[in-house]
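To keep things clear, I will list the structure first and then write my remarks on it.
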Amino acid sequence: MSNPIDDVPIRDSMIRLGQLLKLANLVEDGVEAAELIKNGLVKVNGEIDDRRGRQLHNGDTVTVNGQTVRVVAPEES
């Protein structure tokens, strides 16, 4: 059985990976985010990504410790 994906609304059209991890409460702080990313424990769209500054856009998914979240950006007008 797969885990549910939680939507995480963001203010702008893009958010960086480290920021999203904090916003989604997947990490306590930036230091923890950096460690997880550096150690290859974060997947973006199903693939390991080691770039803390990776830009995420609407629909991108991030998985940490078996928990997955989806970026939901505002509609562009």
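The analysis underlying the following values was restricted to heavy atoms, covering all of them including side chains, and did not include hydrogens, waters or symmetry mates.
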### Message
Looking at N58 and A73, would you say the former's side chain and the latter's main chain have a donor-acceptor pair under 3.5 Å?
### Response
yes
### Task
List the atom of L23, the atom of P9, and the distance in Å for their closest heavy-atom pair.
CD2-O, 3.7 Å
### Query
Are L41 and I37 connected, step by step, through hydrophobic side chains (Ile, Leu, Val, Met, Phe, Trp, Tyr) whose heavy atoms are closer than 4.5 Å?
yes
### Task
Apply the side-chain contact (heavy atoms from CB on, under 4.5 Å) test between I15 and each candidate in V62, D60, L56; give the one that qualifies.
L56
### Task
Give, for atom CD of E28 and atom CG of L21, the distance between the pair rounded to the nearest 0.5 Å.
12.5 Å
#### Entry: Inter-residue atom distance T61.OG1 - D7.CG, 0.5 Å rounding
11.0 Å
### Task
Determine, stepwise, if the pair T68 / D6 fulfils side-chain contact (heavy atoms from CB on, under 4.5 Å).
CA-CA 7 Å; T68 303; D6 294 321; over 6 Å; no
### Query
CD of Q55 to CG of L17: how many Å apart, nearest 0.5 Å?
11.5 Å
### Task
Evaluate the criterion side-chain contact (heavy atoms from CB on, under 4.5 Å) for residue pair L20 and R16; output intermediate values, then yes/no.
CA-CA 6 Å; L20 180 77; R16 298 203 183 278; over 6 Å; no
### Message
For G18 versus A33, what's the shortest heavy-atom pair and its separation?
### Response
O-CB, 4.3 Å
#### Entry: Within-4.5 Å side-chain heavy-atom neighbours: D49 and K43
no
#### Entry: Within 6.0 Å of CZ in R52, more than 12 heavy atoms from elsewhere
no
#### Entry: V69 vs I5 side-chain heavy atoms within contact, under 4.5 Å
no
### From N25 atom CG to Q67 atom CD, the distance as rounded to the nearest 0.5 Å
9.0 Å
### Message
Rounded to the nearest 0.5 Å, what separates atom CG in D50 from atom CG in L36?
### Response
13.0 Å
### Task
With rounding to the nearest 0.5 Å, note down the distance linking NE2 in H57 to CG in N45.
10.5 Å
### Candidate pair V71 and V8, rule side-chain contact (heavy atoms from CB on, under 4.5 Å), full reasoning
CA-CA 5 Å; V71 176; V8 178; over 6 Å; no
### Query
Do other residues, nucleotides or ligands put more than 12 heavy atoms under 6.0 Å from the CG atom of N65?
no
